[in-house]
Amino acid sequence: MSDIAERVKKIVVDHLGVEESKVVENASFIDDLGADSLDTVELVMAFEEEFGVEIPDDAAEKILSVKDAIDFIKANASAA
Amino acid sequence: MFDLTGKSALVTGASGGIGASIARALHAQGATVALSGTRVPPLEALAADLGERAFVVPGNLAEAASTEQLAKDAEAALGKIDILVNNAGLTRDQLAMRMKDDDWQAVLDVNLTAAFRLSRAAMRGMMKRRWGRIVNITSVVGVTGNPGQANYAASKAGLIGMSKALAAELASRNITVNCVAPGFITTAMTDALNDEQKQKLLPAIPAARMGEPGEIAAGVVYLASEEAAYVTGQTLHINGGMAMI
């Protein structure tokens with residue numbers, strides 16, 4: 001299960017170009033990691049690709065932090 | 001300049017005069033092109049004429065599902081959509097007093113809503129690749145208005161506003177969104193005008209002639225090129241001076 005968390009964090013680090021130490025579970029993409037709204041859309045696209053899940057728009061709107069992403073993927077990804 | 005080698009373009013309304021000319025011009029600069037439209041025989045004739053790097057992807061833009069499917073078909077044929085040219089358009093001219101809801105809606109659906117749907121579908125890949133060009137073919141009447149064309153003018157003005165919003169959203173990802181606004185161009189659409197209408201029209205055009213489809217296509221090639229990377233949210237008017245905006 002921690003594997004999912006590591007993969008999510010790696011995507012966030014790669015995409016936002018932030019230091020790994022800042023990508024803690026409680027970090028908000030926008031408030032803590034400097035993402036803009038388009039970045040959050042792209043992160044969701046990257047999660048979909050990495051984990052082979054479809055993240056519907058209403059769920060995507062609720063993925064605001066690293067933890068939100070990990071929780072959603074743990075609950076929904078079969079290929080993870 | 002304006003080399004499009006390695007780029008892939010979807011052109012809607014490619015069976016029409018301006019659309020076919022745009023597809024030819026993009027192809028001539030080295031792009032691979034997907035030709036879309038509802039009438040398949042002219043698309044196939046054009047593809048055969050272009051030879052390599054040309055695909056036919058028919059599609060009906062009046063419906064959401066078939067429009068989404070067209071985006072998928074084009075991506076499957078091309079591998080990727082780098083350049084999207086929303087050119088398909090129809091007219092249902094009628095004085096507003098007599099215009100039916102159907103005439104209004106049909107024009108808005110194809111000219112504006114389908115352009116949005118295709119843009120939305122194409123921008124996903126463009127964002128990932130950090131490169132994209134969306135060129136929407138609007139019209140001078142979207143800016144000036146024209147009696148009998150409340151629906152058409154609204155759809156074309158809508159394209160300009162939509163393009164500006166998309167341009168603002170996507171500029172940071174190296175995706176530009178622009179419009180080309182033709183004036184009166186010699187096509188099937190303007191052939192429908194009678195001589196009296198044409199005689200009234202020409203004095204309003206400083207260039208004293210109608211435009212040619214190739215003159216529109218040249219503007220599209222420019223906006224699709226690498227060289228136009230810093231041009232976004234703009235409308236390029238190609239109209240012989242009939243409206244100077």
Side-chain angles (χ1 to χ4, degrees), chain A residues 3-20 22-23 27-66 68-70 72-73 76-80, chain B residues 8 10 63-65 67-76 78-84 113-136 161-178 229-234:
Chain A
D3 178 45
I4 290 179
E6 290 309 309
R7 284 157 72 190
V8 166
K9 286 179 185 173
K10 183 172 186 316
I11 287 171
V12 175
V13 167
D14 289 348
H15 187 83
L16 298 179
V18 289
E19 282 175 35
E20 211 174 327
K22 287 190 176 166
V23 185
S28 152
F29 297 131
I30 291 177
D31 295 336
D32 300 320
L33 301 176
D36 63 19
S37 55
L38 200 54
D39 286 320
T40 61
V41 173
E42 288 187 320
L43 281 172
V44 166
M45 279 162 48
F47 296 144
E48 288 181 327
E49 205 154 278
E50 170 78 15
F51 297 100
V53 291
E54 183 132 339
I55 305 178
D57 289 342
D58 54 347
E61 282 169 14
K62 292 181 190 131
I63 299 179
L64 303 173
S65 69
V66 177
D68 293 339
I70 294 169
F72 180 90
I73 293 158
N76 293 280
S78 50
Chain B
S8 297
L10 167 60
E63 303 289 337
T67 305
E68 304 287 347
Q69 189 59 45
L70 167 61
K72 288 186 185 130
D73 292 347
E75 213 149 37
L78 296 169
K80 57 181 180 149
I81 301 172
D82 299 308
I83 301 163
L84 169 64
T113 306
F116 171 71
R117 287 177 175 141
L118 288 177
S119 299
R120 184 178 57 192
M123 69 179 67
R124 191 182 177 96
M126 291 176 178
M127 276 170 60
K128 276 190 197 164
R129 291 187 299 276
R130 292 288 191 266
W131 202 95
R133 297 284 184 269
I134 299 174
V135 183
N136 295 315
M162 180 190 82
S163 300
K164 290 176 180 176
L166 297 185
E169 285 187 21
L170 300 170
S172 65
R173 300 314 194 257
N174 207 17
I175 300 167
T176 69
V177 187
N178 291 287
Y230 203 52
V231 180
T232 195
Q234 304 301 314

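Order of the sequence lines sets the chain letters (A, B, ...), proteins ahead of strands, with each chain counted from 1.
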> Would the number of heavy atoms belonging to other residues, nucleotides or ligands and lying under 6.0 Å from CG of A/Asp57 be above 12?
Replying inline: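 Open: at most 12 neighbouring heavy atoms sit under 6.0 Å from CG of A/Asp57.
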>> Are there over 12 heavy-atom neighbours, none belonging to A/Lys9, within less than 6.0 Å of that residue's NZ?
In response: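 More than 12 heavy atoms, drawn from other residues, nucleotides or ligands, come within 6.0 Å of this atom.
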> Where does B/Arg173 contact chain A at under 4.5 Å (heavy atoms): side chain, backbone, both or neither?
Replying inline: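 Side chain of B/Arg173 only, per the 4.5 Å heavy-atom cut-off to chain A.
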>> Between the side chains of B/Arg130 and A/Glu42, is the shortest nitrogen-to-carboxylate-oxygen separation below 4.0 Å, so that they form an ion pair?
In response: yes
>> Working to the nearest 0.5 angstrom, can you tell me the gap between B/Glu169 CD and A/Leu38 CG?
In response: 7.0 Å
